[in-house]
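What follows is a short report on a single structure.
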Amino acid sequence: MKEEFPQTAAPAPGNRPSRPQVGEAPARPLPLEPWEGPAILLVDLDAFFASVEQLDHPAWRGKPVIVGGDADKHGVVSTASYEARPYGVRSAMPSSTARRLCPDAVWTHGRFDRYREVSNAIMAILRSETPHVQQVSIDEAFLDITPTAVNREHPVRVAQRIQRRVEELGVTCSIGAGTSKTIAKIASDMDKPRGLTVVYPGSERDFLAPLPVRAMSGIGASAEEKLRSRGIRTLGQLADADLRMLERVFGKLGRVMHVRANGGDDAPVEQDDAVKSVSNEMTFATDLTRREDVEAAIATMAAKVGRRLRRKGLRGRTLALRVKFDDLSVRSVQRQLPQPSDDELAYTPLLYAMVDEVWRPGTPLRLIGVGMSGFAEEGAVQESLFDVAEAAPSADDVEPVVRDERKRRGLIEATDLVKDRFGEAAVRFGHELRNEGNTTGSSSKNPADYK
DNA sequence: TCTGGGGTCCTAGGACCC
DNA sequence: TCTGGGGTCCTAGGACCC
């Protein structure tokens with residue numbers, strides 16, 4: 001979850017309903033102005049992971065709750081409940097800092113299967129309101145609820161009903177409503193938790209003008225600094241800036257940010273699309289220096305990636321390795337496989353060779369990551385050697401290389417079955433067995449992981 | 001205080017082909 | 001023998017998001 005930006009905009013008059021406390025009756029009806037043109041909502045679940053923990057642990061309600069990694073293992077805060085925020089605790093903050101700021105907080109690692117479950121129930125509510133839902137993460141989704149000839153319901157009424165229905169599940173959400181994804185997204189950040197911020201058609205530029213450039217999605221620390229050095233601090237200044245200068249400095253992004261600052265974003269709410277890459281990373285509590293430890297870590301992550309690929313029915317052609325050193329600098333290598341694979345026993349040796357290109361034994365390694373991309377087009381998934389072997393009349397009829405492939409495949413599938421029944425820790429190959437207990441713990445909000 | 005893990009997209013340069 | 005421009009693929013790195 002990203003930091004809320006400082007709220008420099010004056011509240012737009014009449015746009016905010018008075019917010020009831022949790023458990024009170026919903027907001028009194030807003031006086032509604034007519035709505036012309038597209039209507040987009042951004043629904044953002046409030047402090048989602050922490051809220052689920054409070055839902056499941058009644059004793060934690062009303063208390064500061066922090067979901068995150070261990071302070072003594074390079075961990076960071078994933079989510080802080082609203083009770084923890086007055087202490088200064090924020091998402092992405094090092095856990096050691098958070099512990100100092102709020103030593104009495106309830107501290108917990110994530111239970112991601114549970115968050116996924118609650119998220120899925122909420123996304124089902126959203127899809128019951130409209131088929132035009134774009135889930136952007138585990139706790140956020142865009143909805144296109146543009147009034148049609150069939151359904152003339154006012155967008156604000158839809159948003160209020162969604163808030164009620166979500167609260168029936170025991171968590172809360174904030175919603176931004178506007179004529180574009182850019183506007184809806186920024187509006188949703190204006191008032192949290194349980195806020196509903198409405199930007200009526202025609203008022204986009206006035207709404208955006210006083211906000212800091214960082215409020216716009218796509219402008220991060222680097223772009224903010226480049227803009228600041230050119231005297232551009234607000235979205236109003238960005239809207240008035242010279243387009244050619246922006247294109248020169250930012251390339252494609254320059255035009256995009258200029259259009260959006262002028263309220264002109266027309267990006268559609270898109271159906272959720274296919275996964276493009278699958279990866280696993282691991283940060284170590286103590287840096288690795290020995291080759292055998294590095295290979296063991298690579299093998300572990302290669303196995304996790306392989307298993308996720310098989311579960312999703314994906315085979316990738318592009319294999320990637322990423323390392324981070326103790327100064328936090330990063331290097332990466334990628335290689336094309338001769339054919340798409342989902343089998344770590346086939347590609348792990350290649351990873352061992354690749355690591356030599358970016359690391360020498362003895363140099364401390366803080367993180368190792370393994371990823372796969374370049375998936376075959378849908379319907380064009382290549383027949384594996386194993387399938388060929390299956391089709392052969394007998395094992396004696398297939399080439400030795402194919403028999404090897406078949407043995408490997410059989411072994412992989414057997415271990416997947418055991419892991420399905422008894423959990424990931426139940427089966428490990430010998431080369432995966434090092435580095436136990438030397439990792440941070442993790443979190444992901446990527447939608448691809450929640451389906 | 002000292003910075004996670006899961007992703008997406010863009011850029012720039014080089015290889016290769018026509 | 002020396003030269004073009006465009007397209008595509010690949011690679012490494014970086015910005016950005018939640």
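Computed from a prediction, not measured in an experiment: that's the story for all the values here. In the text below, chain A, chain B and the rest are named by the order of the sequence lines, each starting its count at 1. Quick note: numbers below take in every heavy atom, side chains included, and nothing from hydrogens, waters or symmetry partners.
Between dC18(C) and Q135(A), no contact under 4.0 Å exists linking OP1 or OP2 to a side-chain N or O. One finds no side-chain N or O of K181(A) lying less than 4.0 angstrom from the OP1 or OP2 phosphate oxygen of dC17(C). One finds no side-chain N or O of N280(A) lying less than 4.0 angstrom from the OP1 or OP2 phosphate oxygen of dG5(B). Between R366(A) and dT3(B), a side-chain N or O to OP1/OP2 separation shorter than 4.0 Å is present. Look at H74(A) and you won't find any side-chain N or O under 4.0 angstrom from OP1 or OP2 of dG4(B). When the side-chain nitrogen and oxygen atoms of S279(A) are compared with OP1 and OP2 of dG6(B), none of them lie within a distance under 4.0 Å.
If you check every strand for non-hydrogen atoms under 4.0 Å, K226(A) touches nothing. Here L328(A) lies in heavy-atom contact (under 4.0 Å) with a base. Within the nucleic acid shown, A221(A) comes within 4.0 Å of sugar-phosphate atoms alone, with no base atom in reach, counting heavy atoms only. Using a 4.0 Å heavy-atom distance criterion, V77(A) is classed as making no nucleic acid contact.
Of the two residues contacting DNA chain B, namely V76(A) and T97(A), the nearest-nucleotide position lying further toward the 5' end is that of T97(A). Mapping G75(A) and R100(A) onto DNA chain B via the closest heavy atom, the residue that lands nearer the 5' end is R100(A).
Here the straight-line distance linking atom OG of S341(A) with atom CZ of R310(A) works out to 9.0 Å at 0.5 Å rounding. Note: C173(A) SG to D139(A) CG = 11.0 Å, rounded to the nearest 0.5 Å.
Here D240(A) pairs with R205(A) under the salt bridge (Lys or Arg N to Asp or Glu O under 4.0 Å) rule; sequence neighbours left out.
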Secondary-structure notation, DNA chain C, from Watson-Crick and G-U pairs under 3.5 angstrom (| other strand): ....||||||||||||||

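When the P atom is compared between dG4(C) and dG14(B), the two are found 16 Å apart, to the nearest whole Å. Distance check on atom P: dC18(C) versus dC2(B) gives 26 Å, rounded to whole Å.
A side-chain donor from one of T172(A) and D46(A) sits under 3.5 Å from a side-chain acceptor of the other.
The residue from V52(A), L55(A), I122(A), V118(A) that alone fulfils the side chain to side chain contact (heavy atoms under 4.5 Å, CB included) condition with L169(A) is I122(A).
In this structure the side chain of L143(A) reaches within 4.5 angstrom of the side chain of V43(A), judged on heavy atoms. With a 4.5 Å cut-off on side-chain heavy atoms, I138(A) and M123(A) do not count as touching.
With rounding to whole Å, L319(A) atom CG is found 14 Å from dC10(C) atom C1'.
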